[in-house]
2 protein chains.
Amino acid sequence: MAEYEHTCMIRGDGGRTLRAVLDRICNKWTLLIVATLDQGSLRFTDLHDQVPGISQRMLTLTLRNLERDGLVSRTVHAEVPPRVEYALTPTGKSLIPPALALAGWAIENVAHIEASREAYEART
Amino acid sequence: MAEYEHTCMIRGDGGRTLRAVLDRICNKWTLLIVATLDQGSLRFTDLHDQVPGISQRMLTLTLRNLERDGLVSRTVHAEVPPRVEYALTPTGKSLIPPALALAGWAIENVAHIEASREAYEART
DNA sequence: CAGCATCCACATGGATACTG
DNA sequence: CAGTATCCATGTGGATGCTG
C-alpha cells in the first residue's frame with residue numbers, strides 16, 4: 001500500500017495526459033457505446049436500439065468523436081438503403097480492460113458510496 | 001478477445017451504476033486530488049499548492065463531494081490558526097488501482113489518439 | 001488558514017423537426 | 001436508413017471578493 005509513487009502516472013504532467021483522455025471518455029455515452037460495440041460491428045439503428053435512452057443527436061456526436069480519436073471505424077456500404085457499420089478499432093478494443101476495472105470498482109463500491117452520501121445529507 | 005460477455009459489467013443496468021460513479025469521478029479535479037492524497041493526509045493549502053491550476057472554489061467543492069461519497073475524510077483540529085487534514089478513506093484508496101489502469105491506458109494511447117485526431121481534422 | 005458567496009462564460013446534452 | 005439543423009435547459013468551472 002506504500003506504493004504511492006505509482007500515482008505519478010496520474011499526476012505526471014499535472015494530470016494533463018490523463019485528463020486529455022478522460023475528457024473524451026467520461027461523457028454520458030462513450031463508454032456505453034464502446035462496451036456495446038465490443039460484441040462486434042453494428043449499424044446506426046442497432047446501436048440506437050441497444051443503447052437505451054440515447055438520442056440520435058448524441059449517438060451521432062459520440063460516434064464522430066470516437067471515429068476522430070481512432071477508437072471506432074465507420075464503413076459506409078454503397079447500397080440503397082444506406083448501410084453504415086461501426087466497429088471498434090484495436091485501440092478501441094484496448095480500452096475495454098481498464099474500463100472493466102473501473103466498472104468493477106463502481107459495482108463493488110456503489111452501495112457504500114450511496115450510503116455515505118445519504119448519511120451526509122441526513123447530517124445536514 | 002471473444003470475452004465480450006464481460007462488458008455486461010458496463011452495460012448491465014443500461015450503464016446506470018457505472019455512470020452514477022463516473023459522474024462523481026470524471027470531473028476536472030477528482031482523480032487528481034485522489035492521486036495527490038495517496039501520498040498521505042494533506043491540508044487545504046498543501047493540496048492547493050500541489051494541484052496546479054485549481055481554484056479555491058473547485059478544491060472546496062471537489063473535497064466536499066469526495067467527503068460526501070466517503071472517499072476522503074476531513075478532520076478539523078481545534079487550533080488557532082485552524083488546521084484541516086484531508087486523507088483517503090479505505091474506499092478512496094481502493095479507487096487508486098482502477099484509476100492507474102485507466103491512466104496507464106491514457107499514457108499508452110494518447111499519442112495515437114492525438115495523431116488520429118489531427119489526421120481527421122486535416123481530412124476535413 | 002480554510003473557507004463561502006456571487007457572478008458569469010462556456011460546454012454538454014435533450015427535444016423536436018427535417019432530409020438525401 | 002442514417003443522419004443534419006435548431007433551439008434551449010442545465011451543469012461545470014473560472015474569477016473575484018469577503019470572513020471566522
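Only this structure's heavy atoms are used, side chains among them; waters, hydrogens and symmetry mates stay out. Just so we're on the same page: letters track the sequence lines, and every chain starts at 1.
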If you count the non-hydrogen atoms of other residues, nucleotides and ligands that lie under 6.0 Å from NE2 in A/His112, is the total more than 12?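 It does not: A/His112 NE2 has 12 such atoms or fewer within range.
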[N] [atom2] sits how many Å from [X] [atom1], rounded?
X       : N      : atom1 : atom2 : answer
A/Leu22 : D/dG13 : CG    : P     : 12 Å
A/Phe44 : D/dC1  : CZ    : P     : 11 Å
A/Gln50 : D/dA2  : CD    : P     : 13 Å
B/Glu79 : D/dG20 : CD    : C1'   : 16 Å
A/His77 : D/dG3  : NE2   : C1'   : 16 Å
A/Lys28 : C/dG14 : NZ    : C1'   : 8 Å
A/Leu42 : D/dG3  : CG    : P     : 13 Å
B/Asn27 : C/dT12 : CG    : P     : 14 Å

5'-most contact on DNA chain D: A/Asp46 or B/Pro82, nearest heavy atom basis?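 The residue closer to the strand's 5' end, by nearest nucleotide, is A/Asp46.
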Does [X] put a side-chain nitrogen or oxygen below 4.0 Å from OP1 or OP2 of [N]?
X       : N     : answer
A/Arg74 : D/dG3 : yes
A/Arg43 : D/dA2 : yes
A/Tyr86 : D/dG3 : yes

With side chain to side chain contact (heavy atoms under 4.5 Å, CB included) as the criterion, how do A/Arg11 and B/Gln50 come out once you've worked through the C-alpha distance, each side chain's angles and the decisive distance to 0.1 Å? CA-CA 10 Å; A/Arg11 311 213 302 126; B/Gln50 291 204 31; 3.8 Å; yes
Side-chain heavy atoms nearer than 4.5 Å, only ILVMFWY residues, links allowed to pass through others: does that put A/Met9 and B/Leu88 together?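 Linked within one cluster.
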Transitive ILVMFWY side-chain link B/Tyr120 to A/Val72, under 4.5 Å: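 No, it is not one cluster - the side chains of B/Tyr120 and A/Val72 are not joined through contacts under 4.5 Å.
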A/Leu31 side chain near B/Leu22 side chain, heavy-atom distance below 4.5 Å: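 Yes, side chains in contact.
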Value rounded to 0.5 Å, distance of CG in B/Leu63 from CD1 in B/Ile33: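 With rounding to 0.5 Å, CG (B/Leu63) is 5.0 Å from CD1 (B/Ile33).
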Say you draw a straight line from CD of B/Glu108 to CG of A/Leu95; how long is it, rounded to the nearest 0.5 Å?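 B/Glu108 atom CD to A/Leu95 atom CG measures 12.0 Å (nearest 0.5 Å).
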Any donor-acceptor N or O pair under 3.5 Å, side chains A/Glu85, A/Ser41: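 The answer is yes; a qualifying pair exists.
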Test your reading of the model: is there a side-chain donor-acceptor pair from A/Thr17 to the backbone of B/Ile107, 3.5 Å cut-off?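 Absent.
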Give the residues of residues 52-65 of chain B touching DNA chain D, defined as any heavy atom closer than 4.0 Å, sorted by residue number.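 Going residue by residue through residues 52-65 of chain B, the ones with a heavy atom under 4.0 Å of DNA chain D turn out to be B/Arg57, B/Met58.
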Position toward the 5' end of DNA chain C (nearest nucleotide), A/Trp29 or B/Arg83: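 Per heavy-atom nearest nucleotide, the more 5' residue is B/Arg83.
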Considering the terminal five base pairs at each end of the helix from C/dC1-D/dG20 to C/dG20-D/dC1, what angle separates the two local helix axes, rounded to 10°?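 The angle, to the nearest 10 degrees, is 50°.
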